[in-house]
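Here's the structure we're looking at; comments come further down.
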Number of protein chains: 2
Amino acid sequence: MTRESARDRRELVSMTAGDPPVHPPADDEEARFLAAYDLAAFPRPSVTVDVALLTIVDGSFHAALVRRDEQPAMGRWALPGGFVRLDESLEDAVARVLRDKTGLHDVYTAQLATFGAVDRDPRGRIITVAYFALVPADRLAAELAAGARATLARLEVDEEGGSPGPVRAVGSAGPLPLAFDHASILGQAIGRLRGRLWYAPDAFALVPNEFTLLDLQGTYEAILGGRVDKNSFRRRILASGLVAPVGRRREGLRSRPAELFRFRPADAT
Amino acid sequence: MTRESARDRRELVSMTAGDPPVHPPADDEEARFLAAYDLAAFPRPSVTVDVALLTIVDGSFHAALVRRDEQPAMGRWALPGGFVRLDESLEDAVARVLRDKTGLHDVYTAQLATFGAVDRDPRGRIITVAYFALVPADRLAAELAAGARATLARLEVDEEGGSPGPVRAVGSAGPLPLAFDHASILGQAIGRLRGRLWYAPDAFALVPNEFTLLDLQGTYEAILGGRVDKNSFRRRILASGLVAPVGRRREGLRSRPAELFRFRPADAT
DNA sequence: AAAATAGTGTCTATGAGACACTATAGT
DNA sequence: ACTATAGTGTCTCATAGACACTATTTT
């Protein structure tokens, strides 16, 4: 069986809270008002998006980090991020940032939270809308290598009263100091992932298009940071209906071949 | 027994994601860079906070809404909100907005999500960080009447594929048309509340300081939009340890008096 | 005593955890 | 035959729902 490097795009729909509603059509008075309105009359902060781009390698979280080669925090490592442009939505900004800094397209993303402490960035008032993004390890390794601006770092997670505190990043050549509040954002991303795991299809975004139930179980265990009972897990996943057998097995290994499954979104027939 | 109008402040801690981390001290080079740095070189959107201030009256959600008496969306009804100032955190902005527009202090709040569609506000690019805030009905009614800038409207919630869609607001004199994307934000606030209900102490913020288990059950039923079994509910709540008997009963009604309980945060001994 | 609400006893259904067992490939 | 991993049978335990029952107050 050949490795599939191109994933099914339809599965990679963003889970982000939608922005559908549009204001009703303006009447004349409102139109006149708007023509004269100057938003710049109010002081404005800067707004960025920062993306915790996560994957699972060898049972532990890894994040794609970009080395800052400009001030501030020069030499430290940061989440892929950037200023939000006036003509793009937050989701568009996330997609652009991922494209430019990691070379990845069509990534599964969800909004995490917005961080607005006054002093979180030494340049001044910068509010950041943090997202997390999930990609299977093989795909991330392959596409990051091509881009080369970002590196993959293992995350060391300390529990802090039930949920993860700020994480430490470790690259192949040792610890990578993190910029700004990004250690905290990564910790919160992992905490959110844990909390949603059984209700959201997040784990399927971390696993290749075709996977065995033990692959998936390993992903759950990595996210939760603990073991999961095999039989119990299989019952739950199969009963959920979120998974459909491909009809093939993964052969060529030195033991009984495992059945391959594919993610089937809940809204499919 | 006398009505308690002042609630215990210690219970009203914000549940918002903290903003503790601060960048490390700048070295000389970074200090020089920062002195010359001009954030305004990048285009900046405007940023607001909007607060879905919710309570439960007669088993249904009500929200505090402010009539817009300026353009745009003049005459429509909006969530209490306002521009974030450069010297205040998001949580500070939420507290200020609640104080100025509704007269409330020390309210239980949590961040909901950030909405950044390019066209969500006709004035231009305005990103809003939405929060929800929860207050017991008696307190909200009393303090809102004093302020008088805001009104309390019943929310009609339509299910839309499992989670609430945009809501309709109904005041004492009929439907209140909502401004901007606020109908959608309110729907999402209710959806979030439902999802967190059994894991977060949200319901305790909607109930007076002292409450009976049937009061609390009614709150759960209102949030979930369905009935909850009495015995099952009591077992769960009592087993959770989040509730401590006051040692008194609510008497004077026309039936057997019910035992009063008080919320006890999980981190108490 | 009647009405009304508070609170409990108890059965059943569901599902998760534990863990030993069987199954099927490669070598 | 042996090893390694895939997959199942089955017991126990915890918990939620159903629902009828008892308890205690006011009128």
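A, B, ... follow the sequence lines: proteins, then strands. Residue 1 opens every chain. Below, all heavy atoms of this structure are taken into account, side chains as well, without hydrogens, waters or symmetry copies.
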*In terms of the nearest nucleotide of DNA chain D, which residue is placed more toward the 5' end: R254(A) or D229(A)?*
R254(A)

*Closest listed nucleotide, where the reference is the side chain of N231(B) and the choices are dG7(C), dT10(C), dG17(C)*: dT10(C)

_Separation of atom OH in Y220(B) from atom C1' in dA16(D), rounded to whole Å_ = 15 Å

*Specify the separation, in whole Å, of atom CD of E259(B) and atom C1' of dT25(D).*
15 Å

*Roughly, in whole Å, what's the span from CG in L238(A) to P in dA6(D)?*
15 Å

*Output, in order, the C-alpha distance, side-chain angles, deciding distance and verdict of side chain to side chain contact (heavy atoms under 4.5 Å, CB included) for F132(A) and I190(A).*
CA-CA 9 Å; F132(A) 62 83; I190(A) 291 172; over 6 Å; no

_Rounding to an integer number of Å, can you tell me how far R249(B) CZ sits from dT5(C) P?_
17 Å

*Please report, rounded to the nearest Å, how far the P atom of dA4(D) is from the CG atom of L214(A).*
16 Å

*Among dA6(D), dG7(C), dT5(D), which nucleotide sits nearest the side chain of K230(A)?*
dA6(D)

*Any Lys/Arg nitrogen of E259(B) or R234(B) sitting under 4.0 Å from an Asp/Glu carboxylate oxygen of the other?*
no

*Contact class for E251(A) (heavy atom, under 4.0 Å): base, sugar-phosphate, or nothing?*
nothing

*Given atom CG of L213(B) and atom C1' of dT5(C), what is their separation to the nearest angstrom?*
14 Å

*Euclidean distance, atom CG of residue L216(A) to atom C1' of dA6(D) [Å, nearest integer]*: 15 Å

*Provide, to the nearest angstrom, the distance between the CZ atom belonging to R248(B) and the C1' atom belonging to dA6(C).*
18 Å

*Upstream residue (5' side of DNA chain C) when R235(A) and S255(B) are each assigned their closest nucleotide*: S255(B)

*Hey, what's the ring geometry for Y199(A) with Y199(B), parallel, tilted or perpendicular (30° and 60° as the breaks)?*
tilted

*Taking only N and O in the side chain of R256(B), is any of them less than 4.0 Å away from OP1 or OP2 of dA4(C)?*
no

_Shortest non-hydrogen separation from A222(A) to S60(A) and the atoms involved_ = CB-N, 4.5 Å

_For F233(A) and Y220(A), take the angle between the two ring planes, folded into 0 to 90°, and tell me which bin it lands in: parallel under 30, tilted 30 to 60, perpendicular over 60._
perpendicular

*Could you check F233(A) against L253(A) and say which one's nearest nucleotide on DNA chain C is further toward the 5' end?*
F233(A)

*asked:* With a cut-off of less than 4.0 Å, is there a side-chain N or O of R236(B) near OP1 or OP2 of dA16(D)?
replied: yes

